Amino acid sequence: MKVWIFLFSMLAGVVGIVPKEETKPLLRVLPAYRAEECQAWAIRPFTCLRCLEKGMRYAQMIRWDEERPLRVHGCFSEEGGFVPEGQN
């Protein structure tokens, strides 16, 4: 009986009967407080400079899909949280 339960659970995972676990996105906030640090740390220095002008810090939200990580660039503040680029 235990063998059948094991085989069913393995088959259900392969076929897709059991939903896949979703991972939470990773929020990476870079330690940039001056314009020179944007050039050293940021993947998108212009976004980083815009964040500094608003009193915020440059950040990336990273989500994983089936093939690769998807990065969303934006700004972060303790009060407002993460704001994607283009919405700030």
Side-chain angles (χ1 to χ4, degrees):
M1 183 66 175
K2 290 181 182 179
V3 173
W4 287 110
I5 293 172
F6 174 75
L7 290 175
F8 177 74
S9 64
M10 293 297 291
L11 181 62
V14 171
V15 174
I17 296 172
V18 177
K20 294 182 180 180
E21 292 182 28
E22 291 189 25
T23 59
K24 292 184 179 181
L26 171 69
L27 182 62
R28 187 168 89 173
V29 180
L30 281 87
Y33 297 98
R34 297 187 317 241
E36 301 83 34
E37 293 172 327
C38 286
Q39 297 298 326
W41 290 95
I43 293 173
R44 294 191 178 171
F46 296 114
T47 303
C48 181
L49 291 172
R50 276 187 256 145
C51 294
L52 287 178
E53 290 173 359
K54 296 176 183 177
M56 301 173 84
R57 292 171 28 196
Y58 172 72
Q60 292 179 351
M61 182 174 287
I62 304 170
R63 297 179 185 271
W64 285 266
D65 72 359
E66 294 179 7
E67 296 179 11
R68 64 182 193 277
L70 302 171
R71 291 178 172 83
V72 177
H73 301 268
C75 301
F76 176 82
S77 70
E78 295 292 332
E79 301 84 32
F82 179 73
V83 180
E85 185 176 29
Q87 294 183 9
N88 47 2

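For reference, positions follow the sequence shown, starting with 1. For the numbers below, each heavy atom of this structure counts, side chains included, while hydrogens, waters and symmetry mates do not. What you see is a predicted model; the values in this text were computed from it and never measured.
- Every residue meeting the salt bridge (Lys or Arg N to Asp or Glu O under 4.0 Å) condition with Arg44, not counting sequence neighbours, appears here in chain and number order: Glu85.
- Leu26 places a side-chain heavy atom less than 4.5 Å from the side chain of Trp64.
- Looking at Pro25 and Ile62, their side chains never come closer than 4.5 Å, going by heavy atoms from C-beta outward.
- Considering only heavy atoms from C-beta on, Ile43 comes within 4.5 Å of Tyr58 through its side chain.
- In terms of heavy-atom proximity, Ala35 sits nearest to Leu52 at N-CD1, 3.8 Å.
- Applying the salt bridge (Lys or Arg N to Asp or Glu O under 4.0 Å) rule to Glu36 yields the partners Arg34; only residues at least two apart in sequence or on another chain are considered.
- Atom-to-atom distance recorded for Phe82:CZ and Met56:CE is 9.0 Å, nearest 0.5 angstrom.
- Note: Arg71 CZ to Arg28 CZ = 6.5 Å, rounded to the nearest 0.5 Å.
- Remark: Lys54 NZ to Cys75 SG distance equals 5.5 Å, nearest 0.5 Å.
- Here the shortest heavy-atom pairing between Ala42 and Cys48 reads CB-CB, 3.7 Å.
- Looking at Phe76 and Leu27, their side chains come closer than 4.5 Å, going by heavy atoms from C-beta outward.
- Rounded to the nearest 0.5 Å, atoms CD (Glu37) and CG (Leu49) are 11.5 Å apart.
- Follow the hydrophobic side-chain contacts under 4.5 Å out from Val72 and you never reach Leu30; the two are in separate clusters.
- Considering only heavy atoms from C-beta on, Arg63 stays 4.5 Å or farther from Asp65 through its side chain.
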